[in-house]
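Each remark here refers to the structure printed beneath this line.
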Amino acid sequence: MSRRYAVIGNPVEHSRSPAIHAQFARQTGIDLEYGRILAPLDGFVEAVERFRDAGGSGLNVTVPFKLDAFAWAAHRSARAAEAGAVNTLRFDDGAAGAWGDNTDGAGLVRDLGERLGFALRGRAVLLLGAGGAARGVVGPLLDAGAARLVVANRSRANAERLVEKFATRAVHPVFVPLDAIEPGFDLIVEASGSGLRDEPVPLADEVFAAATLAYDLFYAAAPTAFVRQARAAGCRRADDGLGMLVEQAAESFFAWHGARPQTEPVYRALREALQAEHAQRPPSR
Ligand code: NDP
């Protein structure tokens with residue numbers, strides 16, 4: 001019988017994870033089923049336990065449940081513990097063995113290094129946002145050698161809470177208010193959801209013009225608001241988070257099955273599918 005996995009979230013109907021894991025399974029010859037679970041906002045734990053008790057082997061966790069998953073897991077990887085957020089659950093031995101990991105940051109770092117050829121060692125990084133995704137990427141960005149990491153966010157309190165979590169590291173993130181950000185960053189990472197709102201971020205053009213790469217965690221068929229803004233301001237390169245999505249999925253796949261799938265063909269297929277869906281949409285008025 002195939003092992004069962006799913007992505008759990010709210011909303012979850014647009015998640016690409018089932019398509020990604022189906023392609024990984026075909027590549028590696030691993031027999032699995034992968035579905036979607038829409039959990040009520042106040043019913044995460046019940047939905048997880050129902051799935052596990054019915055024989056489920058693991059879950060990907062998406063918005064808004066990554067902190068609930070962290071709280072529920074009996075054991076956590078070091079990177080999940082540092083982030084305080086879990087996006088991957090593995091049920092090794094019922095409730096006692098529920099293990100949580102966070103693969104978001106590893107996914108970002110791999111996409112930057114492998115697909116975009118951006119070496120983080122010694123670089124200055126500006127991170128916009130201090131939510132669940134931002135928490136997950138800080139540790140891996142520092143582990144990959146970022147020499148400076150500035151966090152800017154709408155709410156100062158949330159940014160300071162994030163910075164505080166990493167205060168004991170030799171190179172640790174610092175908070176700078178958005179209106180005090182000046183040029184001097186090699187990489188700008190957008191994790192404040194501007195793509196969902198289709199809005200620019202409050203940064204001066206000079207900050208983009210001085211950067212080598214602008215990377216939006218959000219992804220879409222057409223260039224996101226942040227990607228458009230970065231390009232218009234003269235940033236050398238701008239990309240969205242589709243590659244990160246595929247890479248974080250590959251990390252989860254590895255955590256569950258011990259096999260590393262090839263991500264590039266899956267990334268290309270997904271990009272083409274997104275573009276085809278976009279082309280079929282009636283023009284908006
Ligand atoms: P959260 O809801 O946890 O965090 C939201 C962040 O956005 C906070 O920093 C919040 O600021 C900021 N924010 C929200 N509304 C506004 C606003 N109106 N103006 C300015 N800032 C605002 O979301 P996540 O961290 O989970 O997700 C962030 C982005 O990353 C999303 O676009 C998501 O799609 C993407 N993502 C992509 C992944 C991938 O694999 N490609 C994986 C995970 C996420 P404040 O603290 O002030 O409230």
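Atom set for the values below is all heavy atoms of this structure, side chains included, hydrogens, waters and symmetry mates excluded. Position 1 is the first residue of the sequence; numbering continues from there.
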Check the orientation of His257 and Tyr5. Use parallel for under 30°, tilted for 30 to 60°, and perpendicular for over 60°. perpendicular
For Thr88 and Asp101, does a side-chain donor sit closer than 3.5 Å to a side-chain acceptor? no
Quick one: pull up CZ in Phe218 and CE in Met244 and give me the separation to the nearest 0.5 Å. 13.0 Å
Which value, rounded to the nearest 0.5 Å, describes the distance between Thr212 atom OG1 and Arg237 atom CZ? 11.5 Å
Electrostatic pair Glu114-Arg260, nearest N-O below 4.0 angstrom: no
From Leu89 atom CG to Arg76 atom CZ, the distance as rounded to the nearest 0.5 Å: 10.5 Å
For Gly136 and Ala83, work out which heavy atoms get closest and say how close. CA-CB, 3.9 Å
Over 12 non-hydrogen atoms of neighbours within 6.0 angstrom of CD in Gln275: yes
Could you tell me whether the side chain of Leu187 reaches within less than 4.5 Å of the side chain of Arg123, counting heavy atoms only? no
Roughly how far, to the nearest 0.5 Å, is CZ of Phe91 from CZ of Arg4? 10.5 Å
Please report the interatomic distance OG(Ser252) to CZ(Phe24), rounded to the nearest 0.5 Å. 9.0 Å
Note, Lys66 side chain near Arg135 side chain (heavy atom, < 4.5 Å): no
For residues 173-183, pull every pair meeting side chain to side chain donor-acceptor pair (under 3.5 Å), keeping only residues two or more places apart or in separate chains. none
Hydrophobic cluster (4.5 angstrom, side-chain heavy atoms) - remaining members for Val201: Leu126, Leu128, Val150, Val174, Val176, Leu178, Ile181, Phe185, Ile188, Leu203, Val207, Phe208, Phe226
Would Asp111 and Tyr267 count as a side chain to side chain donor-acceptor pair (under 3.5 Å) if you check the C-alpha gap in whole Å, the side-chain angles of each, and the deciding distance to 0.1 Å? CA-CA 10 Å; Asp111 194 42; Tyr267 170 81; over 6 Å; no
Whether Arg3 side chain and Leu32 backbone form a donor-acceptor pair below 3.5 Å: no
Do we see a donor-acceptor contact under 3.5 Å between the side chains of Asn158 and Asn153? no
Which value, rounded to the nearest 0.5 Å, describes the distance between Trp72 atom CH2 and Phe65 atom CZ? 14.0 Å
In short, salt bridge (charged side-chain N to carboxylate O under 4.0 Å, His left out) pairs touching residues 136-151 with sequence neighbours left out are Asp143-Arg169
Side-chain donor-acceptor pair under 3.5 Å between Thr224 and Asp216, yes or no? yes
Check whether any side-chain N or O of Arg231 sits under 3.5 Å from a backbone N or O of Ala238 as a donor-acceptor pair, and report yes or no. yes
